[in-house]
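Quick note on labels: first sequence line is chain A, next is B, and so on, each numbered from 1.
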Amino acid sequence: MLPVRSYAPLAPLGRRRRLPDLLCSENGSNQHHSTARLLPRSTVYALRLRGSRRRGQSRKTPAGEIVSLIASLGVETVPLYRYKIVPPSGFGEFALDVCCAESKVGRLFGRTANLFESAIVRLSKDGCFREALESFQYMKSLRIKPTKFMLCSILNSCSKAPDIFLGLQIHAHIVQSGYAENVFIGAQLLDLYSKSGAMEDARKVFDCMGEHDHVSWTSIMSGFSQNGCGAEAVLSFRKMLNTDIRPNCHTFATIISACKWLEAASQVGPSLHALVIKFGFKPNSFVISSLIDFYSKHGEIDQALELFENSFEKDVILYNSIMSGYSQNMLGEEALKLFLEMQEKDVVPTVFTLATLLNCCGSLALLQLGKQMHSLIVKFGWERNVAVGGSLIDMYSKCASIDDACRSFDFASERNNIMWTSMITGYAQNGRGLESLKLFNKFLEEGGKPDNVCFTTVLTACNHAGLLDKANCYFKLMTGKYGLVPELDQYACMIDLYGRTGHLREAKEAMENMPFEPNAVLWSSFLGSCKTYCETKFGREAAMKLFKIEPNSAAPYITLANTLAEVGMWNEVAEVRRMMKSKGVRKGTSWSWIEVDNMIHVFCASDKSHPKSPEIYEELDKVNVRVREGS
DNA sequence: CTAGGGTTAG
C-alpha cells in the first residue's frame with residue numbers, strides 16, 4: 001500500500017516554462033541545457049509514469065505538465081542527478097510519489113534509499129511528521145536500508161510526532177548499524193528521550209557518544225531544562241566550559257531558560273547575562289528573549305524592558321517575550337500597547353503573540369477585546385492550534401464566559417494537557433465544581449495523563465465544593481497511579497480542605513509531615529479554620545508561627561484575638577492586644593480609610609512618603625476613631 | 001554532498 005494516496009494541490013505551477021526538449025535528452029546529448037542532464041532517467045520515468053496514470057483519458061503523457069512540474073520545483077532540483085533531491089517546501093508528498101513510482105518500477109537500487117531520504121527530509125522539515133513516519137515504515141516494508149541522514153530526520157519526526165516506540169526501534173537499528181557514535185544522530189536521540197521525559201536514557205545516550213560537540217551539550221542541557229532539572233543543566237554547562245567546546249547563542253538561550261528552575265536563580269541569571277557579554281558575541285533574539293523572560297519572571301520588568309529597548313532589531317520573538325513579561329507582571333495594558341506598535345512596524349504576529357494577548361485580555365477581563373483577538377486568530381487560521389486553543393479557553397473562563405470557553409474546547413481537534421487543565425480550571429473558577437470534576441474524569445477515561453498543575457486545579461475544585469473524600473481519592477490517585485510527587489500547592493490544598501471541614505488535627509499532622517516548610521499562606525488558612533471552629537490551642541500555635549514569619553502583619557494578631565474572644569477568653573484577648581502594641585504592629589498595612597467629622601480620609605499606612613499618614617495615626621490614637629480595612 | 005540544539009499557553 002502506498003502511504004500517500006492523494007497529491008497535495010500541485011498548482012500553482014507558475015507560468016509554464018517551455019522546456020520540451022529537456023525531457024528528451026535522456027542520453028545526455030543536449031549540451032545546451034544543463035538541467036536536462038541533471039534529471040535522472042528513472043526520475044523522468046517516474047514522472048512520466050505519474051503523468052500517465054493521473055487521468056484515464058490523458059494516456060499520452062501530458063509532457064507539458066510534467067515539464068512545468070519540474071520547472072516549478074525550481075533550482076533545488078539541480079542536484080537531482082546525485083539523488084540528492086531536497087525538494088522545495090510543500091513538495092514532500094510529490095517527492096515521495098516519485099520514490100514510490102520508482103520502487104514500483106522495480107528499481108530497488110541503493111539510490112532509491114536516497115530518493116526516499118530526500119522525500120522524508122522534506123516532509124519532516126515541513127512539519128508533516130506523521131507522513132514522514134508512514135513513509136519510513138513503507139520504505140522499510142520494501143526492505144530498503146535507511147541512510148544515516150534519513151535516520152536523523154526520522155528521529156526528529158519521532159520526537160515531534162511524537163512516536164516514542166518507533167523511536168526506540170530506530171535506536172535499536174542505529175546501534176546495530178553502528179551509527180551510535182554519530183554526533184548528529186546522538187543529538188536527535190537525546191532530543192527524543194528528553195522530550196519524552198526519559199532523562200535517564202538521554203543521559204546514557206550522552207555518555208555513550210564518542211565525542212561531544214556544542215550541539216550535544218546544548219541538547220542535554222535543554223533536556224534537563226525541559227524536565228525541570230535546572231541544577232543538572234547548570235552542572236552540564238559548567239562541565240562544558242571546562243572543555244574546548246565554546247558555548248554559542250543556542251547554548252546561552254537554553255541555559256538561561258533553565259535558570260527558572262533554580263533556587264538561586266536570582267544570582268545565576270545575571271551572571272549568565274554577564275557571561276554573554278563577556279563572550280563577546282552579538283547575542284541573537286533568542287538569547288535576549290530568554291533574558292527578558294528571566295528578568296520578567298523575577299519581577300524585574302525594568303531590566304527586561306531595558307534589554308528590549310536596547311535591542312537593535314526588534315523581531316517578533318522579542319516582542320513576544322516582552323509582552324509575555326508584561327502580562328506576567330500584571331501589566332496587560334502595556335502589552336496591548338506594544339501589540340499596536342508591532343502592527344505599526346509591520347512585525348507579523350505569531351501564535352505565541354496571540355496566546356499572550358489572550359492571556360492579557362483574560363487577566364484584565366476584557367471580553368470584547370478578547371473576542372476581537374479571537375476573530376484575528378480565525379483570520380490567521382490558527383483556531384485549531386493547541387497553544388491558542390488553551391489561551392482561548394483561559395481567556396473566556398476568566399471573563400466568566402464559560403459557554404464560549406466550552407465552545408473553544410469542543411472545537412479543538414487535538415487537545416493537550418494544558419487545554420484540558422484550562423477547561424477544568426474554567427469550570428472550577430466559575431463555581432461549577434462538579435462539572436469540573438466530571439470533565440476531569442472524562443480526561444482520565446480518555447487516557448489523559450494529568451500533571452501536578454492539573455491535580456492542583458482538581459483539588460481546588462474539591463476544596464470549593466467541600467468534597468474531602470473525593471479530594472483524598474484524587475490525592476492518592478496522584479501519588480499512586482500517576483506517580484507524581486506532590487508539591488507544596490497540592491499539600492496546601494489538602495490542608496486547607498481539612499481545615500475548612502473541621503478536621504484540624506489532620507490538617508496539623510499533614511502540615512508537620514509534608515516535606516515542605518509551611519509558608520505564611522498555609523498558616524493563615526489554618527489559623528482561619530481554627531477561628532471558624534473555635535480551636536484556641538492550634539490557633540495560638542499557628543499565630544505564633546505567623547508572628548515570626550510576618551512580623552509586621554496585624555492579621556494573625558486580630559484573628560487570634562477574635563478566636564479567643566469567640567470562646568470568651570478575654571484575659572488572653574487583652575494579652576494579644578498588648579503584644580501587638582508592644583511590637584508596634586499596626587492594623588491596616590494596606591489601604592485604609594477613616595471617618596473624621598463625616599469626611600472620609602483614604603491613606604496607605606505602609607506608605608511612609610504619604611505626609612498625612614503619621615498624623616492620621618496620631619489623630620486616630622487620640623479620638624479612637626473606628627478604622628476599617630480598605631481594599 | 002545534505003543533518004542536529006533555542007522563545008510560548010494551564
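Under 3.5 Å, the side chain of A:Asn416 and the base of B:dA9 form at least one donor-acceptor pair of N or O atoms. Within 3.5 Å, a donor on the side chain of A:Asp213 pairs with an acceptor on the base of B:dG4, or the reverse. In terms of polar N and O atoms assigned as donor or acceptor, the side chain of A:Thr218 comes within less than 3.5 Å of the base of B:dG5 in a complementary pairing.
Both geometric conditions, a ring-centre gap below 5.5 Å and a plane tilt below 30°, are fulfilled for A:Phe184 over the base of B:dA3.
Rounding to whole angstrom units, NZ of residue A:Lys195 and C1' of B:dG6 are separated by 10 Å. Nucleotide B:dG10 holds its P atom 15 Å from the CD atom of A:Glu487, rounded to whole Å. The CZ-P distance, from A:Phe136 to B:dA3, rounds to 19 Å in whole Å. When the C1' atom of B:dG5 is taken as reference, atom CG of A:Asp191 falls 7 Å away, rounded to whole Å. The distance from atom CD of A:Glu181 to atom C1' of B:dA3 is 18 Å, rounded to the nearest whole Å. The CZ-C1' distance, from A:Phe237 to B:dG5, rounds to 14 Å in whole Å. Summarising the geometry, the separation between CD1 on A:Ile120 and P on B:dA3 is reported as 16 Å, rounded to the nearest angstrom. We find that CH2 of A:Trp382 is positioned 16 Å from P of B:dA9, with the value rounded to whole Å.
When heavy atoms are screened at a 4.0 angstrom cut-off, A:Val183 is found touching base atoms of the nucleic acid. Using a 4.0 Å heavy-atom criterion, one finds that A:Ser290 contacts no nucleic acid atom at all. Looking at heavy-atom distances under 4.0 Å, A:Thr421 makes contact with a base. Among the heavy atoms of the strands, none lies under 4.0 Å from A:Ser321. Contact annotation for A:Gln429: no contact, since no heavy-atom pair falls under 4.0 Å across all strands.
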(message) Between A:Glu341 and A:Lys345, does the salt bridge (Lys or Arg N to Asp or Glu O under 4.0 Å) criterion hold? Intermediate values first, please.
(response) CA-CA 6 Å; A:Glu341 190 188 309; A:Lys345 294 191 177 167; 3.4 Å; yes
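Contact record, A:Phe455 with A:Pro450: CE1-CG, 3.6 Å, taken as the closest heavy-atom pair.
A cation-pi arrangement is absent between A:Arg246 and A:Phe279, since the terminal nitrogen or guanidinium carbon is not both under 6.0 Å from the aromatic centre and inside a 45° cone about the axis. Taking the centre and axis of the six-membered ring of A:Phe294, the NZ or CZ atom of A:Lys260 falls outside the cone set by 45° and 6.0 Å.
Screening A:Leu275, A:Thr218, A:Leu291 against A:Phe252 for a side-chain contact (heavy atoms from CB on, under 4.5 Å) leaves a single residue, A:Leu275.
Listed pair A:Lys125 / B:dG4 fails the phosphate criterion, with no side-chain N or O lying under 4.0 Å from OP1 or OP2. The phosphate of B:dA3 has neither OP1 nor OP2 within less than 4.0 Å of any side-chain N or O from A:Ser153. Look at A:Asn156 and you'll find a side-chain N or O under 4.0 angstrom from OP1 or OP2 of B:dG5. Contact annotation: A:Gln226 side-chain N/O to B:dG5 OP1/OP2 distance is not under 4.0 Å.
With B:dT7, B:dG6, B:dA9 as the candidates, the nucleotide lying closest to the side chain of A:Gln328 is B:dA9. When the nucleotides B:dA9, B:dG4, B:dT7 are ranked by their closest atom to the side chain of A:Ala187, B:dG4 comes out on top. The side chain of A:Asp293 lies closest to B:dT7 when the candidates are B:dT7, B:dA9, B:dG5. Here the nucleotide nearest the side chain of A:His250, chosen from B:dG10, B:dA9, B:dG5, is B:dG5. Closest to the side chain of A:Asn359, out of B:dA9, B:dT7, B:dG5, is B:dA9. Set against B:dG10, B:dT7, B:dG5, the side chain of A:Asp451 has B:dG10 as its closest nucleotide.
Looking at A:Leu354 and A:Ser391, their side chains never come closer than 4.5 Å, going by heavy atoms from C-beta outward.
For the residue pair A:Thr147/A:Glu117, the side-chain donor-acceptor check at 3.5 Å is satisfied.
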